[in-house]
There are 2 protein chains.
Amino acid sequence: MDIQNKKLTIQEVAKATGLTPHTLRYYERIGLIHPINREENTRRCYTMDDVGWIEFLLKLRATGMSIKDMQRYAELQRQGDETLPERVEMLKSLRDKVESHIEEMNEHLKLIHYKIDYYSKVVEERELVKV
Amino acid sequence: MDIQNKKLTIQEVAKATGLTPHTLRYYERIGLIHPINREENTRRCYTMDDVGWIEFLLKLRATGMSIKDMQRYAELQRQGDETLPERVEMLKSLRDKVESHIEEMNEHLKLIHYKIDYYSKVVEERELVKV
DNA sequence: GCTTGACTTAGAGCACACTCTAAGATGTAA
DNA sequence: TTACATCTTAGAGTGTGCTCTAAGTCAAGC
């Protein structure tokens with residue numbers, strides 16, 4: 001069988017994505033994932049495309065996008081190419097948010113470095129006094 | 001009155017820090033802030049030092065430190081200089097977490113940039129076909 | 001003196017994002 | 001065939017971090 005057409009069980013997708021079967025069904029229920037095909041029986045049969053989409057979702061999630069916004073994005077995706085401009089706008093807004101978040105983290109990092117250095121020196125001096 | 005010794009009401013601290021009075025009381029209740037002095041009556045009287053501590057807390061929070069860890073840090077801070085080594089360890093662990101978080105965000109940012117470019121080109125081509 | 005508004009507390013309620021339970025159906029191995 | 005694991009659903013429960021409510025006290029302005 002073509003590896004691209006390989007069908008996967010919910011367990012296999014869970015293992016591949018790091019999500020639990022519970023969470024995969026939850027994401028489908030709330031519309032983050034389109035209704036997965038059921039082949040032969042009532043059980044879900046995922047494709048590699050589905051896994052790709054879930055991995056993209058996880059990246060959106062990791063950047064701090066809310067479920068609400070991911071639902072909107074998923075809905076647009078299902079509506080087809082007509083919605084590309086709106087999706088680009090969403091991605092641009094996300095890009096700006098992530099960029100300013102990174103800037104903020106870099107600022108906080110400076111303070112953390114400063115505190116580590118300063119406190120380390122104080123500890124050193126206290127050690128010297130003891131000896 | 002010396003500006004450093006200026007006493008502040010909960011409203012003033014709320015305005016200065018961006019937290020609400022509710023949240024300020026909550027943070028005190030759970031030990032993120034030491035019990036604030038009550039002068040003349042039962043009402044809280046904050047000092048500039050208190051505001052400085054709260055601002056530091058907000059930076060810890062912004063880096064994703066949990067309330068539980070902030071409680072631990074606050075407790076150590078109140079115990080004095082003996083706990084400096086443990087606080088340095090906490091800060092080092094936070095530094096590592098923030099650094100790898102920033103790295104991850106930069107990776108995600110690349111994908112977002114790529115998608116924006118790719119989709120923008122697709123949209124452009126669709127526009128050309130229409131005209 | 002009275003109203004208005006800010007303060008106090010303990011504790012309830014909320015939004016988010018899962019995470020799990022219960023009860024039943026179905027597939028797989030011995 | 002029997003046992004057991006895994007699947008299904010709807011819906012309840014959980015952890016985190018607030019956020020608000022209720023009921024009462026207090027102080028300042030009209």
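Here is how names work: the chains are called A, B, and so on, in the same order as the sequence lines, proteins then strands, and each is numbered from 1. All heavy atoms count here, side chains included; hydrogens, waters and symmetry mates do not.
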Worksheet entry | N/O donor-acceptor pair under 3.5 Å between A/Thr23 side chain and A/Leu19 backbone | no
Worksheet entry | Residues from residues 95-105 of chain B lying under 4.0 Å of DNA chain D - heavy atoms | none
Worksheet, complete the sentence: Here the distance between atom C1' of D/dT9 and atom CD1 of A/Ile36, to the nearest Å, is 17 Å
Worksheet item: Are B/Lys68 and B/Tyr73 in a cation-pi setup, meaning NZ or CZ lies under 6.0 angstrom from the ring centre and within 45 degrees of the ring axis?
Response: no
Practice prompt. Go through the steps to decide whether B/Lys59 and A/Glu107 satisfy the test salt bridge (Lys or Arg N to Asp or Glu O under 4.0 Å), and finish with yes or no.
Written response: CA-CA 9 Å; B/Lys59 285 180 209 295; A/Glu107 280 309 306; over 6 Å; no
Discussion item. Looking at A/Leu84, is its backbone amide N or carbonyl O close enough to the side chain of B/Arg126 to form a donor-acceptor pair, meaning the two atoms are under 3.5 Å apart?
Written reply: no
Item to complete: Figure out the CG/P separation between A/Leu24 and D/dC7, and round it to whole Å.
Response: 11 Å
Worksheet item: What string of B, S and - do you get for nucleotides 4-17 of chain C, 5' to 3', if B is base contact, S is sugar-phosphate-only contact and - is no contact with any protein heavy atom under 4.0 Å?
Response: --BSBB-B-----B
Worksheet item: Quick one: which of A/Thr83, A/Asp69, A/Leu60 gives a side chain to side chain contact (heavy atoms under 4.5 Å, CB included) with A/Met90?
Response: A/Asp69
Worksheet item: Sequence neighbours excluded, which residues qualify as ring-ring contact (aromatic ring centres under 6.0 Å, His included) partners of B/Tyr26?
Response: none
Practice prompt. Taking B/Gln71 for its side chain and B/Ile30 for its backbone only, find out whether a donor-acceptor pair lies under 3.5 Å.
Written response: yes
Worksheet item: How far apart are the C-alpha atoms of A/His101 and B/His101, what are their side-chain angles, what is the distance that settles it, and do they pass the side-chain hydrogen bond (donor to acceptor under 3.5 Å, both in side chains) test?
Response: CA-CA 11 Å; A/His101 175 71; B/His101 175 71; 2.8 Å; yes
